[in-house]
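Take a look at the structure below.
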Amino acid sequence: MSTRILFLKGHGTENDFVIVPDPENALDLPPAAVAALCDRRAGIGGDGLLHVIRSAEHPEAAHMAGDAEWFMDYRNGDGSVAEMCGNGVRVFARYLQHAGHVTEGDLAVATRGGVKAVHIAKDGDVTVGMGRALLPEGDVTVSVGDRSWPARNVNMGNPHAVAFVDDLAHAGDLYSPPPFSPAAAYPSGVNVEFVVDRGPRHVAMRVHERGAGETRSCGTGACAVAVAAARRDGVDPAATGSPATYTVDVPGGTLVITEQVDGEIEMTGPAVIVAEGEIDADWLENEVG
């Protein structure tokens with residue numbers, strides 16, 4: 001391992017990441033190393049790690065190099081590999097701009113979930129193409145304590161159950177997964193969003209993320225909430241011929257979600273670089289063992 005490992009810290013609506021620039025894919029970052037770096041007490045701290053690599057230098061991304069120069073090798077905070085992270089892509093793009101690799105405007109980022117279209121605006125916000133939502137049929141119910149609500153089943157590449165409630169406090173502490181039925185609707189578990197109205201096409205949400213508990217922000221969750229709110233309001237861009245935009249407040253900030261006429265969903269929000277420095281390579285070697 002190199003004796004000098006650069007890192008940065010960034011966040012998007014308080015979904016935070018350790019960023020490790022490694023254009024030539026020279027660093028070995030096994031799960032134990034990632035988990036150590038993301039540890040909030042003994043490491044740098046983050047919900048995940050953004051390993052920044054040129055697509056041509058990574059075997060999983062080389063086939064995308066013609067479309068996207070940079071590959072987001074995304075890792076969860078426990079070190080496991082993940083396909084995509086919407087908030088992570090925004091922060092990844094902000095890093096590329098910070099480092100001088102790209103400027104304002106359009107770019108493409110390769111991920112394990114495919115090439116994502118990104119736009120860096122002059123005002124600093126970053127927009128990411130999140131794909132299309134699927135709306136599986138069938139009734140779903142979620143519960144907290146003695147309260148139960150009907151929920152909209154929305155799939156953004158991962159499963160979501162969106163429940164509209166009178167008060168976000170009704171979601172409880174969200175430490176444990178809210179029960180849902182029928183069990184067959186989500187055989188591998190589900191992300192559950194609790195939503196209240198704030199105004200016309202403006203909602204606020206809290207979310208229990210599968211395997212993580214309550215988080216400060218969930219990009220796919222905000223997209224699922226916007227689609228569920230639109231359908232509840234009788235809005236379907238494919239039918240009306242006009243895009244639908246919803247503002248979604250999350251505990252860590254605000255995201256703006258637009259569903260286009262062709263079903264493509266765009267997520268816009270802030271992305272911030274807060275620090276940069278060097279990792280002690282000897283410490284990391286010891287953590288990996």
Side-chain angles (χ1 to χ4, degrees), residues 6-23 46-58 61 64-75 82-132 156-157 216-223 226 243-250 252-277:
L6 300 180
F7 82 93
L8 298 90
K9 180 72 182 287
H11 77 92
T13 51
E14 298 184 9
N15 200 181
D16 63 334
F17 309 95
V18 178
I19 306 161
V20 179
D22 183 21
D47 292 325
L49 183 142
L50 308 177
H51 189 194
V52 184
I53 304 171
R54 283 196 167 87
S55 298
E57 302 299 329
H58 197 287
M64 295 181 277
D67 298 313
E69 180 181 1
W70 295 96
F71 172 55
M72 184 179 78
D73 174 21
Y74 182 68
R75 316 292 184 86
E83 287 191 349
M84 234 291 281
C85 173
N87 288 321
V89 173
R90 294 204 319 279
V91 175
F92 188 93
R94 173 67 72 238
Y95 162 73
L96 293 178
Q97 182 187 35
H98 175 86
H101 297 306
V102 303
T103 58
E104 296 168 357
D106 297 328
L107 68 144
V109 173
T111 75
R112 291 185 177 85
V115 175
K116 301 301 178 183
V118 180
H119 180 80
I120 303 174
K122 289 183 179 180
D123 66 4
D125 278 353
V126 180
T127 299
V128 179
M130 297 289 286
R132 293 175 171 83
M156 285 297 307
R216 301 288 295 170
S217 182
C218 176
T220 57
C223 293
T245 296
Y246 278 73
T247 298
V248 181
D249 295 335
V250 296
T254 298
L255 297 168
V256 177
I257 312 298
T258 298
E259 185 181 7
Q260 302 291 350
V261 173
D262 63 0
E264 284 291 326
I265 297 171
E266 297 176 346
M267 176 180 65
T268 300
V272 181
I273 302 297
V274 299
E276 55 186 306

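Counting begins at 1 with the first residue of the sequence. What you see below is based on every heavy atom in this structure, not just the backbone, and it leaves out hydrogens, waters and symmetry mates.
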Partner of Pro270 under side-chain contact (heavy atoms from CB on, under 4.5 Å), chosen from Thr254, Asp125, Val126:
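Answer after filtering Thr254, Asp125, Val126: Asp125.
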[atom2] on [Y] to [atom1] on [X], rounded to 0.5 Å:
X	Y	atom1	atom2	result
Phe71	His58	CZ	NE2	5.0 Å
Leu96	Thr103	CG	OG1	11.0 Å
Arg90	Leu50	CZ	CG	11.5 Å
Thr245	Gln260	OG1	CD	7.5 Å
Asp123	Ile120	CG	CD1	11.5 Å

With ring pair (Phe, Tyr, Trp, His ring centres under 6.0 Å) as the rule and sequence neighbours excluded, what pairs involving residues 100-131 come up?
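Every ring pair (Phe, Tyr, Trp, His ring centres under 6.0 Å) pair that includes a residue of residues 100-131, provided the two are not neighbours, is Trp70-His101.
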Could you walk me through whether Ile265 and Met156 pass the side chain to side chain contact (heavy atoms under 4.5 Å, CB included) test, one step at a time?
CA-CA 10 Å; Ile265 297 171; Met156 285 297 307; 3.8 Å; yes
Verdict with reasoning, His11 to Asp47, per side chain to side chain contact (heavy atoms under 4.5 Å, CB included)
CA-CA 9 Å; His11 77 92; Asp47 292 325; over 6 Å; no
Identify whether the distance between the nearest side-chain nitrogen and carboxylate oxygen of Lys9 and Glu276 falls below 4.0 Å.
no
Please name all residues satisfying salt bridge (Lys or Arg N to Asp or Glu O under 4.0 Å) with Asp249, sequence neighbours left out, ordered by chain then number.
none
Please find the pair of heavy atoms, one from [X] and one from [Y], that lie closest to each other, and give the distance.
X	Y	answer
Asn87	Gly12	CG-O, 3.9 Å
Val261	Pro243	CG2-N, 4.0 Å
Ala222	Leu255	CB-CD1, 3.8 Å
Ser217	Asn15	O-OD1, 3.9 Å
Ala110	Ser55	CB-OG, 3.6 Å
Ala108	Val115	CB-CG1, 3.7 Å

If the plane angle is over 60° it's perpendicular, under 30° parallel, otherwise tilted; pick one for Tyr74 and Phe17.
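Correct class here is perpendicular.
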Salt bridge (charged side-chain N to carboxylate O under 4.0 Å, His left out): which pairs involve residues 95-121, sequence neighbours left out?
Glu60-Arg112, Asp73-Arg112
Is any side-chain heavy atom of [Y] closer than 4.5 Å to one of [X]?
X	Y	result
Met130	Glu266	no
Pro23	Val52	no
Thr258	Thr127	no

